[in-house]
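Report on one structure; see the data block that follows.
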2 protein chains.
Amino acid sequence: MAIQMPTELLDGCVLGILSNGDYYGYALTQKVQEDIPISESTMYPVLRRLKKNNFLSTYDEPFQGRNRRYYRITREGRARLNEVTTEWIEFKSQIDKLIAGGD
Amino acid sequence: MAIQMPTELLDGCVLGILSNGDYYGYALTQKVQEDIPISESTMYPVLRRLKKNNFLSTYDEPFQGRNRRYYRITREGRARLNEVTTEWIEFKSQIDKLIAGGD
DNA sequence: ATCAGTACATTGTTATACATAGTACTACTA
DNA sequence: TAGTAGTACTATGTATAACAATGTACTGAT
């Protein structure tokens, strides 16, 4: 019964984290989970979608026999992050207004 | 391509407005549309759901031949509004943190 | 007579967050 | 050395709900 994460914000959060450095999927999921409950089965599709839109690039690195797929934010990704941040600020003020009574 | 309204926030916005006085569906839609784009076909189901959960009560009033169905917030509705407001505050701080880089 | 606005309702679709489950490897431990 | 927990990614299925599109029906203005 918590607030559902809308796509745009999910994208924004992932891009926000990655704007500080590369992460591989599992570690990124852990990182996001520090603040919001999100499952791997949500995260991986999000990452694939962001990559498909050229907001992220990937590279693989073997680690202890397993593979780690790292995600790196692109220039377009940074532009997208700015967009989403702007939308988010707008969104917050609109909801704040309405939820308080909307006068 | 705007941020999708999650159910809980939609509920919160409607309850927020109605915490200031009764509205009928159409006027309420107009009111909310001042701040966020929302269609009637979204609003009416929301109102019915909130009523089903006893967060709203209704009464009909004829006006110039047409009917106006007024919605009034209940005590449970006010309690729900408080809940959602709390969730919203929490949600905002979580997203703010992540979108800024999550450190 | 026509069109815009008011007021509510119904149906269908699409997108997507999430649950569930599976694969496969490592490392700890009893 | 068998068993368990953690790591890392993938695939499938489903339920929900916001929204589009459409319809009905009345009023009032041009």
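So that the names make sense, note that chain A is the first sequence line, chain B the second, and so on, each numbered from 1. Everything numeric in this text was worked out from a predicted model, so none of it was measured.
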Please report the distance, rounded to the nearest Å, between [atom1] in [X] and [atom2] in [N].
X     : N      : atom1 : atom2 : answer
A:R49 : D:dA11 : CZ    : C1'   : 17 Å
A:E40 : D:dA11 : CD    : C1'   : 13 Å
B:Y44 : C:dC8  : OH    : C1'   : 5 Å
B:N67 : D:dT27 : CG    : P     : 13 Å
A:I38 : C:dT20 : CD1   : C1'   : 17 Å
A:D60 : D:dT10 : CG    : P     : 8 Å
B:Y26 : D:dT27 : OH    : P     : 16 Å
B:Q33 : D:dA18 : CD    : P     : 15 Å

To the nearest 0.5 Å, how far apart are [atom1] in [X] and [atom2] in [Y]?
X     : Y     : atom1 : atom2 : answer
B:N54 : B:R75 : CG    : CZ    : 12.0 Å
B:Q30 : B:Y24 : CD    : OH    : 8.5 Å
A:Q4  : B:L10 : CD    : CG    : 13.0 Å

[X] side-chain N/O to [N] phosphate OP1/OP2 under 4.0 Å:
X     : N      : answer
A:R66 : D:dG6  : no
A:Y24 : D:dA8  : yes
B:Q4  : C:dT16 : no

- Which part of the nucleic acid, if any, lies within reach of B:R68 when heavy atoms closer than 4.0 Å are counted: base, sugar-phosphate only, or nothing? sugar-phosphate
- Message: Students often get this wrong, so: under 4.0 angstrom with heavy atoms, is A:T42 touching a base, only sugar-phosphate, or nothing?
- Response: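 Base, at least one base atom sits under 4.0 Å.
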Under a 3.5 Å distance rule, please check whether [X] uses its side chain to pair with a backbone N or O of [Y] as donor and acceptor.
X     : Y     : value
B:E61 : B:R68 : no
B:T58 : B:R69 : no
A:E76 : A:F55 : no

- Query: Just how large is the angle between the end axes of the helix from C:dA1-D:dT30 to C:dA30-D:dT1, five pairs per end, to 10 degrees?
  - Reply: 0°
So if I take every side-chain heavy atom of [X] and compare against [options], which nucleotide ends up nearest?
X     : options                : result
A:R48 : D:dT10, D:dT7, D:dC19  : D:dT10
B:T7  : D:dA18, D:dC19, C:dC18 : D:dA18
A:Q64 : C:dA9, C:dA27, D:dA8   : C:dA27

- Query: Between the base of D:dA20 and the side chain of B:S41, is there a donor-acceptor distance below 3.5 Å?
  - Reply: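 Result: at least one qualifying N/O pair found.
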- Message: Parallel, tilted or perpendicular, judged at 30° and 60°: which one describes the rings of B:Y59 and B:Y70?
- Response: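 Because their plane-to-plane angle is under 30°, the rings of B:Y59 and B:Y70 count as parallel.
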- Could you check A:P45 against A:F63 and say which one's nearest nucleotide on DNA chain C is further toward the 5' end? A:P45
- Query: At their closest point, which heavy atom of B:Y44 faces which heavy atom of B:Y26, and how far apart are they?
  - Reply: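 Taking B:Y44 first and B:Y26 second, the nearest heavy atoms are OH-N, 3.4 Å.
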